[in-house]
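Just below is one structure, and these are the notes that go with it.
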2 protein chains.
Amino acid sequence: MSTPRKTPTMADVARLAGVSPMTVSRAFKQDASVSEHTRSAILEAADRLGYVFDSTASNLRSQRTDFVAVTIPSINNANFADTVRGLSEGLKARGLQILLGYTDYDINEEERLIEQLLRRRPEAIVLTGGRHTPRARRLLENASIPVIETWDLPETPVGHVVGFSNAAAVRTMVDHFVSTGIERIAFIGGDADRDTRGTDRRAGFIAAMTEHGLQADRLIAAGAPPISMREGADAMGRLLNDLPDTQAVICVSDLSAFGALTECQRRGVDVPGQISVAGFGDYEIANICVPSLTTLNPFPREIGTRAAKLILDVLDGHQTEPATIIVAPELMRRHSSR
Amino acid sequence: MSTPRKTPTMADVARLAGVSPMTVSRAFKQDASVSEHTRSAILEAADRLGYVFDSTASNLRSQRTDFVAVTIPSINNANFADTVRGLSEGLKARGLQILLGYTDYDINEEERLIEQLLRRRPEAIVLTGGRHTPRARRLLENASIPVIETWDLPETPVGHVVGFSNAAAVRTMVDHFVSTGIERIAFIGGDADRDTRGTDRRAGFIAAMTEHGLQADRLIAAGAPPISMREGADAMGRLLNDLPDTQAVICVSDLSAFGALTECQRRGVDVPGQISVAGFGDYEIANICVPSLTTLNPFPREIGTRAAKLILDVLDGHQTEPATIIVAPELMRRHSSR
DNA sequence: TCCCTTTGTGTTATCGTTATCGTGGTCCAA
DNA sequence: TTGGACCACGATAACGATAACACAAAGGGA
């Protein structure tokens with residue numbers, strides 16, 4: 001019925017409360033020196049007008065945005081969700097928010113996303129993974145804000161690192177199997193060259209097998225990363241058909257490992273009696289499915305909290321050199337392996 | 001070594017390219033009228049300086065942010081992730097980005113989040129759920145931007161709606177069981193009063209049972225929503241102990257249903273021979289676990305794409321009245337029920 | 001009592017981009 | 001030849017908040 005009235009500004013609130021806009025501004029910060037009396041009058045005026053603080057203006061003038069940009073491969077992944085949760089809790093105390101973007105496991109998409117995020121002038125940026133396009137790298141280097149790479153251990157980091165070597169992690173799993181006398185081990189993963197962590201895990205598998213003097217030729221490519229439960233199941237089907245003497249299979253993630261497990265169930269193949277199955281990530285499903293899944297726990301939340309602490313240290317000037325913090329995954333022995 | 005040089009601005013780029021800042025601004029839009037020659041000179045200058053567009057200034061001046069705020073309960077849920085994906089693809093064509101926040105299934109957290117998001121002046125806001133705190137409602141009503149509630153069918157919507165009745169959906173499942181002659185049906189959900197969709201599903205269960213003249217007293221509360229696989233398993237354990245004559249159990253989500261299923265496996269209880277199990281959501285696991293899970297598919301991606309289209313229609317002025325679009329869930333009969 | 005600190009508030013001038021208006025030049029139909 | 005439409009670009013003034021500085025009044029220690 002009325003014309004779409006302009007959203008009220010601080011000036012409107014100031015007029016109604018009988019103070020200057022500057023005082024309104026101060027009243028909206030928690031620490032500012034405004035008398036209780038004035039502040040409550042201002043807040044009441046703001047409430048009456050339905051005033052909502054405009055952070056676009058605030059950000060421009062103060063040259064601070066109070067948020068940290070975070071890129072994750074997918075918004076539907078319990079591991080990355082836990083890392084974000086750890087980050088978010090660690091940053092909350094300092095009033096830092098998280099601006100989240102997802103890359104769909106694609107470094108070209110990541111490049112676009114990084115540019116979008118940097119345009120919004122975050123205080124720091126947290127990346128999942130340590131491999132980027134050359135342009136993305138340049139953008140990050142020029143940004144003059146703290147850059148944290150996580151879930152990886154890049155050879156030449158852009159800035160700080162909180163993560164682990166995906167290759168070394170899989171080596172742990174291979175060593176475990178070999179130590180129990182298993183030698184014919186397969187690896188189920190996605191097609192190479194997209195999900196860089198998956199590719200690193202495959203490389204780690206091959207390197208570890210080779211070092212043990214074993215054949216690293218049981219490699220099943222199961223489609224574009226991230227591979228699904230269904231793709232894990234299909235891959236297991238092919239493995240059982242083509243290489244039935246395989247004693248153990250390491251899957252690139254718990255989700256595909258669970259799919260593989262169900263394929264065994266459908267075919268009446270006993271796990272771990274006939275074949276052992278292992279995953280990666282220690283998702284909830286690994287602990288509850290029957291049989292439960294042997295896997296690697298990468299401590300995703302820990303990665304988030306350590307990254308958050310690092311960001312605060314850097315912003316406070318307590319940390320000036322690039323840091324590399326290693327959070328090593330831990331082997332979780334369960335019932336899907338002997 | 002050098003002092004942390006100020007980030008270059010359009011003025012710096014303009015100087016280097018020998019044009020006015022206004023022309024630089026135009027060169028960075030796609031449709032603007034700038035000669036090819038000038039534009040390439042500007043882009044080269046920008047590249048040389050490592051210039052990154054500052055959207056905080058742009059947003060303030062143009063009074064447009066080109067993003068849509070979206071709240072979801074959790075960043076680790078395949079259903080909501082699919083809705084976000086649908087939204088994101090539908091909005092991408094118009095150059096609209098998504099600003100994502102999560103509420104942890106808590107309407108008080110939602111209130112805080114809504115305020116944070118509105119401060120950034122989004123072009124529209126998409127909410128998961130139709131129940132909000134009074135203050136959140138007021139904020140949304142004052143915001144004078146399109147508001148879309150999803151995954152619900154509120155009695156008095158704030159604005160537009162793209163969703164379904166959670167109560168009616170569960171009724172579909174009850175009807176299904178009753179039509180196959182099953183009468184002693186249980187419901188496993190979270191503690192009431194937090195996850196509003198879960199609460200609605202429980203209410204729908206009770207209403208449907210009552211209408212069929214059946215007892216709706218087999219209600220298992222399994223902890224704070226969202227309930228996990230483990231909590232679903234524990235709840236199933238209690239159900240099997242306390243009410244062993246139960247013929248079917250409806251779980252508030254596929255994840256708890258899967259947990260319940262594994263508990264049956266651990267106890268040697270045959271599904272669906274001794275008891276039928278149903279979930280909600282049609283997550284991938286429902287289709288691949290053994291036995292596969294009977295569930296309701298809420299078409300999460302469809303919710304996202306419909307919401308995106310609605311937003312564009314409203315922003316274009318093609319849709320002026322509040323719309324209610326119903327995307328009805330579909331029963332997926334699988335092997336966990338007879 | 002005097003001076004110095006603290007507290008509460010106002011004034012002014014921006015932050016970096018772009019809406020708006022203006023201008024000189026080109027092209028073409030009447 | 002001329003008038004108008006169009007193109008490529010520049011000058012100016014905001015958008016709404018706050019950093020920086022200023023200042024009056026109150027409080028406190030010597």
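Model, not experiment: these values are computed from the prediction. Lettering follows sequence order; numbering is per chain, from 1. What you see below is based on every heavy atom in this structure, not just the backbone, and it leaves out hydrogens, waters and symmetry mates.
The span of DNA chain D lying next to chain B, judged by atoms under 4.0 Å from heavy atoms, is bounded 5' to 3' by D:dA8 to D:dG16. On the nucleic acid side, DNA chain C contacts chain B at distances under 4.0 Å to non-hydrogen atoms, with the end points of that region at C:dG16 to C:dT20.
There is no side-chain donor-acceptor pair under 3.5 Å between A:Gln319 and A:His160. Between A:Asp54 and A:Thr56, the side chains place a donor N or O and an acceptor N or O closer than 3.5 Å (distance only, hydrogens not considered). Using modelled atom types, one finds a donor on one side chain and an acceptor on the other under 3.5 Å when comparing A:Thr133 with A:Glu111.
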Taking only distance into account, with no hydrogens and no angle test, what donor-acceptor pairs under 3.5 Å do side-chain atoms of residues 90-98 of chain B form with protein atoms, sequence neighbours excluded?
from	atom 1	to	atom 2	distance (Å)
B:Arg94	NH2	B:Asp316	OD1	3.0
B:Arg94	NH2	B:Asp316	OD2	2.3

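Contacts of residues 42-64 of chain A with DNA chain C (heavy atom under 4.0 Å): A:Leu60, A:Arg61, A:Gln63.
Taking every heavy atom of both residues into account, A:Pro122 and A:Thr65 meet most closely at CA-OG1, 3.7 Å.
Between B:Val34 and A:Val24, it is B:Val34 whose nearest contact on DNA chain D lies nearer the 5' terminus.
With sequence neighbours excluded, no residue satisfies ring pair (Phe, Tyr, Trp, His ring centres under 6.0 Å) with B:Phe53. Considering only residues two or more places apart in sequence or on other chains, B:Thr23 meets the side-chain hydrogen bond (donor to acceptor under 3.5 Å, both in side chains) condition with B:Ser20.
Heavy atoms of A:Val19 sit under 4.0 angstrom from primed sugar atoms or phosphate atoms, though from no base atom.
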